[in-house]
Amino acid sequence: MLEHDRATCSRSNKGEGPLQSNSHAPTAEVDALIVGAGPAGCMAARRLGKAMRVLLVDSSALPRSKPCGGALNPYSWKFLQQFGPPRHLFLDPEEVKFRWVDFDSKLNRITELEFKNVSREAFDEWLLSLIPDTVEVRDKTRFLGYESNCHLTKVRLETPTGGLTVSTRYVIGADGALSQVRRRVLGGDFATYACIQDWVERPASMPPYFDCIRIKGIGDGHAYTYAVPKGEAALVGSVFYPGATAQKAKHGQVMEMLRDRLGLGPTTKRESAAALQVRSGRDVIFGDGKVLLTGEAAGFISPTSGEGISYALATGDLCAQAILAEPDRPLEKYRAMSAGPARNITRKARKLALLEYRAGHAVLAAMPLGILSWMTKRL
Ligand SMILES: Cc1cc2nc3c(=O)[nH]c(=O)nc-3n(C[C@H](O)[C@H](O)[C@H](O)COP(=O)(O)OP(=O)(O)OC[C@H]3O[C@@H](n4cnc5c(N)ncnc54)[C@H](O)[C@@H]3O)c2cc1C
């Protein structure tokens, strides 16, 4: 059994105490078990928690700290308007424009694509606060696997005090890039990008751009680097293709190069994370029976830009809507409701070649600004 005083999550760390006391005995039978309390899991829990018994588990301590650029695109921002996003999410500068940079081909183009610049930690904590109190939230609780029959799924969890099996009608895999639920549904492995990002002191002269930087000299396996001002700090991250070697050394090389060019201060924190590699619409997997995948675990992340928050918010919500609309056949309903985002992934994947080959950058450099901005907004 879960021991509530150790595994229960306090949804706010602002000194208000837990939003949900979880003083009752932990539940071993629920209607829906959601794995992962990122944007996708929070949106699914928000909607389903009003209608059924929901258990939301996350292997991390909550509120979590996920390495991320913290750039919300216009679709994320539009979706979030219904909840009135609070001011404290923003970092200076509050908006950043996307800029293409390639030191070798002298590409340097500021586009009209604008992101809201937020603290990812504050953002994720705020999303947790949107979940109704009826949802049981357990952090430091890891999904291990499941067995299904036609009525019920038995999910094995590892909690701080030992193993637990929970019976549920629906499982929602919202467990991100390294999803164990996706692995179980696929019956095999999948590829991920590796990302390493440094927090550095922000140089006074750093402009309000989200830079996407290509550097030829770093060698094979380096996809791109991003740099963005974040309040008094700046974030510089490198993305590596699956199987890339010497990632840490290559990121160190990038940092040395950018320290000179951008005048970056010393690194105060280094962190790493994975991002799912999506190269075609076939990488989007909706689930199996009453086990549904959502957000990045389903393959909803832009193949071209790595933007995943807008997809996670939208598909987490759609997944819950599908269960409520078609309780006996939620997978078919979810697939139909998510056809738009899935087509969108397919369209973006077709543009990968333009970005991955050096000749593509010459095309970007030559495009009229209006067309470049239009195209960038669709990556
Ligand atoms: C370095 C980096 C920078 C990024 N920058 C941006 C950006 O600027 N803008 C943007 O839109 N997107 C960005 N992304 C992508 C974005 O962060 C993700 O696509 C988005 O967070 C996906 O949301 P999600 O809810 O699907 O999964 P996640 O946010 O990844 O949440 C998954 C949750 O599942 C939990 N979990 C995992 N395994 C288990 C398990 N076995 N049991 C229980 N819980 C588990 C994890 O602890 C985690 O809390 C970035 C990604 C990376 C790696």
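In what follows, every heavy atom counts, from backbone to side chain, and hydrogens, waters and symmetry copies are set aside. All ligand and atom numbering here is 1-based and tracks the order in the structure. In this chain, residues are counted from 1 in sequence order.
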Student: Walk me through whether S373 and T111 qualify under side chain to side chain donor-acceptor pair (under 3.5 Å).
Tutor: CA-CA 5 Å; S373 289; T111 71; 4.8 Å; no

Student: Do me a favour and list the nearest non-hydrogen protein atom to atom 12 (N) of ligand 1 with residue, atom name and distance?
Tutor: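 Checking every protein heavy atom, the shortest distance to atom 12 (N) of ligand 1 gives G308 N, 3.1 Å.
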
Student: Polar contacts were defined as any N/O atom of the residue lying under 3.5 Å from an N/O atom of the ligand; does this apply to Q180 and ligand 1?
Tutor: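 In this structure, Q180 places no N or O atom under 3.5 Å from an N or O of ligand 1.
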
Student: So is there a nitrogen or oxygen of R120 less than 3.5 Å from a nitrogen or oxygen in ligand 1?
Tutor: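 Looking only at distances, the answer is yes, because the N/O contact criterion of under 3.5 Å is met.
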
Student: Under 4.5 Å between side-chain heavy atoms, hopping through other hydrophobics if needed: is there a path connecting F103 to I218?
Tutor: yes

Student: Would you mind listing which atoms of ligand 1 come within a distance below 4.0 Å of any non-hydrogen atom of T141?
Tutor: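 In order of numbering, the contacting atoms are 43 (C).
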
Student: Can you check whether Y226 has an N/O within less than 3.5 Å of an N/O in ligand 1?
Tutor: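 N/O-N/O distance below 3.5 Å does not exist for this pair.
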
Student: Would you check whether S60 has a nitrogen or oxygen atom less than 3.5 angstrom from a nitrogen or oxygen atom of ligand 1?
Tutor: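 In this structure, S60 places an N or O atom under 3.5 Å from an N or O of ligand 1.
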
Student: If you measure every N or O of D58 against every N or O of ligand 1, does any of those distances drop under 3.5 Å?
Tutor: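 Between D58 and ligand 1, an N or O pair is found under 3.5 Å apart.
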
Student: So is A274 polar-close to ligand 1, meaning N/O to N/O under 3.5 Å?
Tutor: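 No, since none of the N or O atoms of A274 sits under 3.5 Å from an N or O of ligand 1.
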
Student: Of the protein's non-hydrogen atoms, which lies at the shortest distance from atom 37 (C) of ligand 1, and what is that distance?
Tutor: D175 O, 3.3 Å

Student: Would you say D175's side chain and Q180's backbone share a donor-acceptor pair under 3.5 angstrom?
Tutor: yes

Student: Suppose we measure from atom 30 (O) of ligand 1 to each protein heavy atom; which comes out shortest, and what is that distance?
Tutor: K66 NZ, 3.0 Å

Student: Under 4.0 Å from a heavy atom of G36: give me the atoms of ligand 1 that qualify, with their elements.
Tutor: 33 (C), 34 (O), 35 (C)

Student: Any side-chain donor-acceptor pair under 3.5 Å between T168 and T153?
Tutor: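 T153 and T168 do not have a side-chain donor-acceptor pair below 3.5 Å.
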
Student: For ligand 1, which atoms sit closer than 4.0 Å to a heavy atom of P67?
Tutor: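 In order of number, 1 (C), 2 (C), 52 (C).
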
Student: Which heavy atom in A45 sits nearest to a heavy atom in I131, and how many Å separate them?
Tutor: CB-CG2, 4.1 Å

Student: Go through the steps for Y193 and Y241 under the test ring pair (Phe, Tyr, Trp, His ring centres under 6.0 Å), then give the verdict.
Tutor: CA-CA 5 Å; Y193 295 99; Y241 286 106; 5.8 Å; yes

Student: Could you check atom 31 (O) of ligand 1 against the protein and tell me its nearest heavy-atom contact, residue, atom and distance included?
Tutor: R64 NH1, 2.9 Å

Student: Just jot down the ring pair (Phe, Tyr, Trp, His ring centres under 6.0 Å) partners of W77, sequence neighbours excluded, or say none.
Tutor: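 Applying ring pair (Phe, Tyr, Trp, His ring centres under 6.0 Å) to W77 gives F90.
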
Student: How far is atom 44 (N) of ligand 1 from the closest protein heavy atom, and which atom is that?
Tutor: S59 N, 3.0 Å

Student: Could you label the plane-to-plane angle of the F286 and Y334 rings as parallel, tilted or perpendicular, counting under 30° as parallel and over 60° as perpendicular?
Tutor: perpendicular

Student: What protein heavy atom sits nearest atom 20 (C) of ligand 1, and how far off is it?
Tutor: E296 OE1, 3.9 Å

Student: Locate the shortest heavy-atom distance separating L292 from P330; write the atom from each residue and the value.
Tutor: CD1-CB, 4.2 Å

Student: Which of the numbered atoms in ligand 1 are below 4.0 angstrom from a heavy atom of A71?
Tutor: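 Answer for ligand 1: 7 (C), 8 (O), 9 (N), 10 (C), 11 (O).
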
Student: Side chain or backbone of A174 under 4.0 Å from ligand 1, or both, or neither, by non-hydrogen atoms?
Tutor: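 Only the backbone of A174 comes within reach of ligand 1.
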
Student: Distance to 0.1 Å, residue and atom name: give those for the protein heavy atom nearest to atom 41 (N) of ligand 1.
Tutor: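 It is F143 O, 3.3 Å.
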
Student: Give the numbers and elements of all ligand 1 atoms closer than 4.0 Å to a heavy atom of G69.
Tutor: 3 (C), 4 (C), 5 (N), 6 (C), 8 (O)

Student: Once the angle between the rings of F98 and W100 is folded into 0 to 90°, is it parallel (under 30°), tilted (30 to 60°) or perpendicular (over 60°)?
Tutor: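 Judged by the thresholds at 30° and 60°, the geometry between F98 and W100 is perpendicular.
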
Student: Is there a side chain to side chain donor-acceptor pair (under 3.5 Å) between S59 and R64? Walk through the geometry before answering.
Tutor: CA-CA 10 Å; S59 50; R64 64 183 197 163; over 6 Å; no

Student: I need the atoms of ligand 1 closer than 4.0 Å to a non-hydrogen atom of G306, numbered in the order shown.
Tutor: 12 (N), 13 (C), 14 (N), 15 (C)

Student: Under 4.0 Å from ligand 1, counting heavy atoms only, is it the side chain of I309, its backbone, both or neither?
Tutor: both

Student: Hey, is ligand 1 close enough to P39 that some N/O pair sits below 3.5 Å?
Tutor: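 Yes; the residue has a nitrogen or oxygen that sits under 3.5 Å from a nitrogen or oxygen of the ligand.
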
Student: Output the list of atoms in ligand 1 that are nearer than 4.0 Å to some heavy atom of G176, sorted by atom number.
Tutor: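 Atoms satisfying the 4.0 Å criterion: 27 (O), 30 (O), 32 (C).
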
Student: If the threshold is 4.0 Å, N to carboxylate O, is there a salt bridge linking D211 and R99?
Tutor: yes

Student: Decide whether an N or O pair under 3.5 Å exists between C68 and ligand 1.
Tutor: no

Student: Under the criterion side chain to side chain contact (heavy atoms under 4.5 Å, CB included), which of L324, V54, I323 is the partner of R47?
Tutor: L324

Student: So is A40 polar-close to ligand 1, meaning N/O to N/O under 3.5 Å?
Tutor: yes

Student: With the threshold set at 4.0 Å, does a side-chain nitrogen-carboxylate oxygen contact exist between E94 and R87?
Tutor: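 Salt bridge between E94 and R87, a charged N being under 4.0 Å from a carboxylate O: yes.
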
Student: Are R184 and E147 close enough for a salt bridge, meaning some N to O gap below 4.0 Å?
Tutor: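 Judged by the 4.0 Å cut-off on N to carboxylate O distance, R184 and E147 do form a salt bridge.
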
Student: Ligand 1 and A37, any nitrogen or oxygen pair closer than 3.5 angstrom?
Tutor: no

Student: For the pair E332 and R335, find out whether any cationic side-chain nitrogen is under 4.0 Å from an anionic carboxylate oxygen.
Tutor: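 Judged by the 4.0 Å cut-off on N to carboxylate O distance, E332 and R335 do not form a salt bridge.
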
Student: Does L178 have a non-hydrogen atom less than 4.0 Å from ligand 1?
Tutor: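 Per 4.0 Å heavy-atom rule, L178 does not contact ligand 1.
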
Student: With heavy-atom distances below 4.0 Å as the criterion, list the atoms of ligand 1 near A273.
Tutor: 53 (C)

